[in-house]
Peer 1: 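To start, I am sharing the structure in question, which I have written as structure tokens.
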Amino acid sequence: IRAVLPKLLDEYHLLDAPLGQKAGDDAWLQELSGTIFKAPREEAAAAVAAALRDGYAPESVGEAISHTANLLALHDPGRIEKWASEEKPAGSCHGDSVGVHASDSANAWRNIARVSSPRNTVASLIVGAFHTAGQAEGATPKPVAEDLSGVAAKDPTALLAEADAAIRGNDQQRAAATIAKYGQLGHEPRPVFDLMLKYATSEDGALHAEKYYHTVSAEFGATRPQLRWGQLVALARVTASEYGRTAPGIEEAKALLST
């Protein structure tokens, strides 16, 4: 990236003009996000540089990067046995997994871009695309059609109860499918956040539980309605993966707060 970034800044003349304000439509976002998801890192960085040169707003470019990171979380095949541990067993997707790391990082790069000088705004987004790309694997995204068809409930209370049970059973597929169905039916997102918040504070998540909850909260609000539920579906999956490993200090904190 130390070689790629200055080259792209020069090649696309990104320091010679003010930042653009064009909002990318759905087709544009899917195309850019697909490039970042599938392309090598250098090509993804160049695609973002080209979008910025063409006048697309940094916020729209950041949304594409964030959506790509969310796709990585949904496509994550799970930790392989070689890299498994007691805190992160085989099949898990919490902790320093590709999707969680990519999502937390994309959120950070977007926030840096929002408060930086124009030079550092474009640099942050190019680096963010470079960091997000080159990590996709061939797994089928969660939830699969079979998992979705297995969710019979339609009432929001029943769906939340089913999601809660899936989380406590470490059933990633069922948790993801239940929240996907909940979103498809148009139910309010706040109760889902409230359910996930309980576990974001109680579970360790290999040091990522609370951070990833904050990432999803922010990115859900900054993502267009037709795509934002992927964030909560991924959070449900990660929460089911991390459940059962209590955050250090939680009992002490609860005792102190009760005094």
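Predicted model, so just to flag it, every value in this text is computed and none were measured.
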Peer 1: A quick test of your reading: do over 12 heavy atoms of other residues, nucleotides or ligands sit less than 6.0 Å from NZ of K38?
Peer 2: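 Atom NZ in K38 is not packed in, count stays at 12 or less.
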Peer 1: Checking R110 against E219 for the salt bridge (Lys or Arg N to Asp or Glu O under 4.0 Å) test, could you report, in this order, the C-alpha distance in whole Å, the side-chain angles of both residues, the deciding distance, and whether it holds?
Peer 2: CA-CA 10 Å; R110 290 190 78 182; E219 297 302 331; 2.6 Å; yes
Peer 1: Can you establish whether the number of heavy atoms outside K7 located under 6.0 Å from its atom NZ is more than 12?
Peer 2: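 Open.
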Peer 1: Can you tell me how far apart OG (S92) and CG (D76) are? Round to the nearest 0.5 Å.
Peer 2: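 Rounded to the nearest 0.5 Å, the OG-CG separation comes to 8.5 Å.
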Peer 1: Is there a side-chain contact between T132 and R41 (heavy atoms, below 4.5 Å)?
Peer 2: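 A side-chain contact under 4.5 Å is absent here.
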Peer 1: Rounded to the nearest 0.5 Å, how far apart are CD of E87 and CD of E242?
Peer 2: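 Nearest 0.5 Å value for the CD-CD distance: 13.5 Å.
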Peer 1: Find the distance between OG1 (T140) and CG (L74) and round it off to the nearest 0.5 Å.
Peer 2: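 With rounding to 0.5 Å, OG1 (T140) is 12.0 Å from CG (L74).
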Peer 1: In this structure, are over 12 heavy atoms from other groups packed under 6.0 Å from E81 atom CD?
Peer 2: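 12 or below, so no.
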Peer 1: Is the H75 ring parallel, tilted or perpendicular to the F37 ring (thresholds 30°, 60°)?
Peer 2: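 Because their plane-to-plane angle lies in the 30° to 60° range, the rings of H75 and F37 count as tilted.
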Peer 1: Which pairs count as ring-ring contact (aromatic ring centres under 6.0 Å, His included) when at least one residue sits in residues 99-138, sequence neighbours excluded?
Peer 2: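 Found H101-H208.
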Peer 1: What are the two closest non-hydrogen atoms of L160 and P191, and how far apart are they?
Peer 2: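 In terms of heavy atoms, the two residues are closest at CD1-CB, 3.6 Å.
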Peer 1: List the atom of G230, the atom of N70, and the distance in Å for their closest heavy-atom pair.
Peer 2: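 Reported closest heavy-atom pair: O-ND2, 2.9 Å.
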Peer 1: Counting only heavy atoms not in Q173, do more than 12 fall under 6.0 Å of its CD?
Peer 2: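 Yes - once you tally the heavy atoms of other residues, nucleotides and ligands closer than 6.0 Å, there are more than 12.
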Peer 1: Taking the side chain as C-beta and beyond, is there a heavy-atom pair between T246 and D204 under 4.5 Å?
Peer 2: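 No, side chains not in contact.
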Peer 1: Do you see a donor-acceptor pair shorter than 3.5 Å between the side chains of S258 and K254?
Peer 2: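 No, no side-chain donor-acceptor contact under 3.5 Å.
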Peer 1: How about CZ on R168, more than 12 heavy atoms from neighbouring residues, nucleotides or ligands closer than 6.0 Å, or not?
Peer 2: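 Yes - once you tally the heavy atoms of other residues, nucleotides and ligands closer than 6.0 Å, there are more than 12.
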Peer 1: Start with the C-alpha distance between D26 and R224, add both sets of side-chain angles, then the distance that settles salt bridge (Lys or Arg N to Asp or Glu O under 4.0 Å), and finish with yes or no.
Peer 2: CA-CA 9 Å; D26 293 350; R224 59 196 67 195; 2.8 Å; yes
Peer 1: Using a strict 4.0 Å threshold on nitrogen-to-oxygen distance, state whether K181 and D147 make a salt bridge.
Peer 2: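 Between D147 and K181 there is no salt bridge, as every charged N stays at least 4.0 Å from the carboxylate O atoms.
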Peer 1: With a 4.5 Å cut-off on side-chain heavy atoms, are D164 and K198 touching?
Peer 2: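 Yes, side chains in contact.
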Peer 1: I want to know whether F220 and F193 have ring centres closer than 6.0 Å.
Peer 2: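 Yes, ring centres under 6.0 Å apart.
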Peer 1: Is the shortest side-chain heavy-atom distance between H13 and R53 below 4.5 Å?
Peer 2: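 Not in contact.
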Peer 1: Rounded at 0.5 Å granularity, tell me how far CG in L235 sits from CD in Q231.
Peer 2: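 Rounded to the nearest 0.5 Å, the CG-CD separation comes out at 9.0 Å.
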Peer 1: Report the distance from atom OG1 of T35 to atom CD of Q30, rounding to the nearest 0.5 Å.
Peer 2: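 Separation between the atoms: 11.0 Å.
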Peer 1: Any side-chain heavy-atom pair from H67 and L29 closer than 4.5 angstrom?
Peer 2: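 SC-SC contact between H67 and L29 confirmed.
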Peer 1: Looking at CD1 of I179 and NE2 of H187, how far apart are the two atoms once the value is rounded to the nearest 0.5 Å?
Peer 2: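 If we round to the nearest 0.5 Å, I179:CD1 and H187:NE2 are 10.0 Å apart.
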